[in-house]
2 protein chains.
Amino acid sequence: MKTKAQQHESIAPNAGTRQLGTRERIVRTASRLMQRQGYDGTGIKQISTEAGATLGSMYHFFPGGKQELAVAAIRHGDAEFVDILRAVLAAEPDPGAAIRELTRSLAEGLRASDWVDGCPVTATALGTAAGAPDIQAAAAEAFAHWRELVFAKLVEAGLTEADAHDLAHTVISTLEGAELAAQVTRSEQPLLLAGVHLTRLLDTYPRPSARG
Amino acid sequence: MKTKAQQHESIAPNAGTRQLGTRERIVRTASRLMQRQGYDGTGIKQISTEAGATLGSMYHFFPGGKQELAVAAIRHGDAEFVDILRAVLAAEPDPGAAIRELTRSLAEGLRASDWVDGCPVTATALGTAAGAPDIQAAAAEAFAHWRELVFAKLVEAGLTEADAHDLAHTVISTLEGAELAAQVTRSEQPLLLAGVHLTRLLDTYPRPSARG
DNA sequence: CACTGGATAGAGCGTTCGTTCTAGTCCGGT
DNA sequence: ACCGGACTAGAACGAACGCTCTATCCAGTG
């Protein structure tokens with residue numbers, strides 16, 4: 001089933017995404033470009049060119065046009081970060097240690113991209129808040145997903161549900177703001193300090209010393 | 001000196017900014033519009049229309065075009081927030097209490113604007129990071145100014161310079177991220193929780209009980 | 001009065017935008 | 001052999017973009 005689309009493309013339109021379906025290639029390219037340039041700064045034609053797709057394909061897969069494409073891009077960025085978050089939370093038993101490791105990883109990624117690849121959701125959603133409710137909704141859902149993962153980890157570590165709920169909010173807010181600050185100031189410092197301070201904050205909350 | 005420009009404009013182009021110089025009116029309008037719509041989402045012609053200026057005036061005052069205008073808009077937003085920050089920090093002796101009050105005020109403002117007026121610097125700077133170094137530099141300077149004010153307040157409260165430096169980073173990061181999260185989720189909660197948690201974090205640092 | 005320079009005014013430049021449209025290509029099913 | 005749906009291909013549309021250009025207005029100066 002699913003005939004895919006491997007008819008030509010012999011000249012490698014987009015490194016690393018060569019044998020993906022056209023739709024998937026479009027979404028990934030859109031997500032990456034909007035992450036760097038924002039919604040208004042990214043044109044449909046730029047996406048189609050860099051994805052190795054044509055305008056016809058763009059509107060075939062996304063009849064809702066640019067807005068539908070942006071929603072798909074945000075969902076893609078959401079899922080991508082969910083994977084990262086899940087992995088780093090699973091690798092460390094202590095929530096604080098996991099978050100510190102996450103800030104290190106985020107800082108490294110940001111520096112590696114020369115400070116252009118920030119949060120894929122933020123850049124796309126900012127500036128489109130008014131007049132594009134579905135884009136905003138997709139961004140809000142992404143934040144909620146991430147909060148939920150942090151919440152579960154904190155509860156698992158023995159915090160009360162009330163404390164965990166509130167802290168999950170601040171953990172995500174601070175990570176988001178620190179990534180932003182790191183990007184703007186072109187420095188890893190905001191992210192690394194956020195990791196240290198979030199750990200310190202978490203440590204002020206009571207939890208059973210052992211739980212079995 | 002300075003002939004200003006009051007030749008006509010009898011029909012009030014922009015409420016509340018009527019008797020300002022044309023240049024000032026342009027900067028304020030640009031700052032407000034870019035805060036809501038981002039850099040790419042805001043057109044020169046929209047700014048000129050809403051500011052009650054003409055295209056000729058735009059390029060007369062800002063020969064560097066849109067980029068120079070964006071830098072001026074960011075500096076304006078920077079100065080505006082410096083005033084707010086200075087006022088709230090001066091009104092409360094305790095840094096934590098001041099920051100909590102600030103989050104309340106930010107949340108109120110955000111709700112009052114129906115969640116569209118976020119950080120004036122962030123929205124303008126995001127998405128223009130690559131290829132517009134002066135815009136990015138202006139944004140970085142703004143962040144530095146705000147950090148400096150928080151730093152001074154923390155030192156004044158008795159924290160060590162090292163602790164104050166690190167905490168100032170996280171305070172600004174968290175405020176920034178919480179405002180972003182509040183805007184995206186259309187809720188005051190991220191900001192208010194950030195205030196509570198930042199206070200709690202500050203309270204974990206040693207400081208002389210009295211200093212007089 | 002004429003002259004000057006800061007400021008205003010807006011038509012118009014070339015380009016790009018998001019979108020629509022028609023035509024064409026591929027391929028499994030029959 | 002042929003059909004029909006999935007997909008590709010890109011010309012073309014009106015609108016908007018950032019910006020340049022010339023013309024005009026007005027206060028100040030001689």
Side-chain angles (χ1 to χ4, degrees), chain A residues 1-11 13-14 18-27 29-30 33-34 37-73 124 127-128 131-132 134-135, chain B residues 1-11 13-14 19-27 29-30 33-34 37-73 124 127-128 131-132 135:
Chain A
M1 318 281 174
K2 278 181 181 171
T3 61
K4 300 281 171 142
Q6 68 260 26
Q7 358 212 120
H8 16 105
E9 325 182 348
S10 49
I11 41 159
N14 199 344
R18 217 143 329 151
Q19 40 204 10
L20 267 48
T22 302
R23 193 198 144 93
E24 186 68 14
R25 242 183 309 128
I26 291 173
V27 171
T29 307
L33 287 177
M34 288 187 178
Q37 309 171 344
Y39 178 83
D40 285 305
T42 305
I44 295 269
K45 286 173 184 172
Q46 185 189 9
I47 298 171
S48 83
T49 300
E50 299 209 13
T54 63
L55 267 181
S57 305
M58 304 293 287
Y59 285 92
H60 172 74
F61 289 110
F62 302 95
K66 198 181 183 183
Q67 289 203 9
E68 185 182 344
L69 187 46
V71 170
T124 309
T128 63
D134 40 355
I135 293 180
Chain B
M1 316 280 176
K2 276 182 183 173
T3 60
K4 300 283 171 145
Q6 68 261 25
Q7 356 211 120
H8 14 105
E9 324 185 347
S10 49
I11 41 161
N14 198 343
Q19 40 203 11
L20 267 47
T22 302
R23 192 198 144 93
E24 186 67 14
R25 242 182 310 128
I26 292 173
V27 171
T29 306
L33 286 177
M34 288 188 177
Q37 309 170 343
Y39 178 83
D40 287 305
T42 306
I44 295 269
K45 285 174 182 170
Q46 185 189 9
I47 298 172
S48 83
T49 300
E50 298 208 13
T54 62
L55 263 183
S57 304
M58 304 292 288
Y59 286 92
H60 172 72
F61 289 111
F62 302 95
K66 198 182 184 184
Q67 291 204 6
E68 185 181 345
L69 187 46
V71 170
T124 309
T128 63
I135 293 180

Exercise for review: Give every residue pair that meets the side chain to side chain donor-acceptor pair (under 3.5 Å) criterion with at least one member in residues 56-73 of chain A, sequence neighbours excluded.
Suggested key: A:Thr54-A:Ser57

**Study point:** Smallest separation among heavy atoms of B:Thr124 and B:Thr128, with atom names
**Key:** O-OG1, 3.4 Å

Practice item. For B:Phe62 and C:dA7, give me the distance from atom CZ to atom C1', rounded to whole Å. Key: 14 Å

Review point. Counting just side-chain N and O atoms, does A:Thr54 come under 4.0 Å of either OP1 or OP2 of D:dG10?
Key: no

Exercise for review: Quick one, give me the B/S/- string for nucleotides 14-19 of chain D, reading 5' to 3', where B means a protein heavy atom under 4.0 Å from the base and S means that only happens at the primed atoms, P, OP1 or OP2.
Suggested key: ---BBB

Exercise for review: Whole angstrom is fine here: how far is it from NE2 in B:His60 over to C1' in D:dC26?
Suggested key: 13 Å

Exercise for review: Could I get the full list of side-chain hydrogen bond (donor to acceptor under 3.5 Å, both in side chains) partners for B:Thr42, not counting sequence neighbours?
Suggested key: B:Gln37

Study note, to complete from the structure: Contacts of B:Val27 meeting side chain to side chain contact (heavy atoms under 4.5 Å, CB included) (sequence neighbours excluded), chain-then-number -> B:Phe62, B:Ala72, B:His76

Revision key, fill the gap. Sequence neighbours excluded, the answer for salt bridge (Lys or Arg N to Asp or Glu O under 4.0 Å) partners of A:Glu24 is A:Arg28

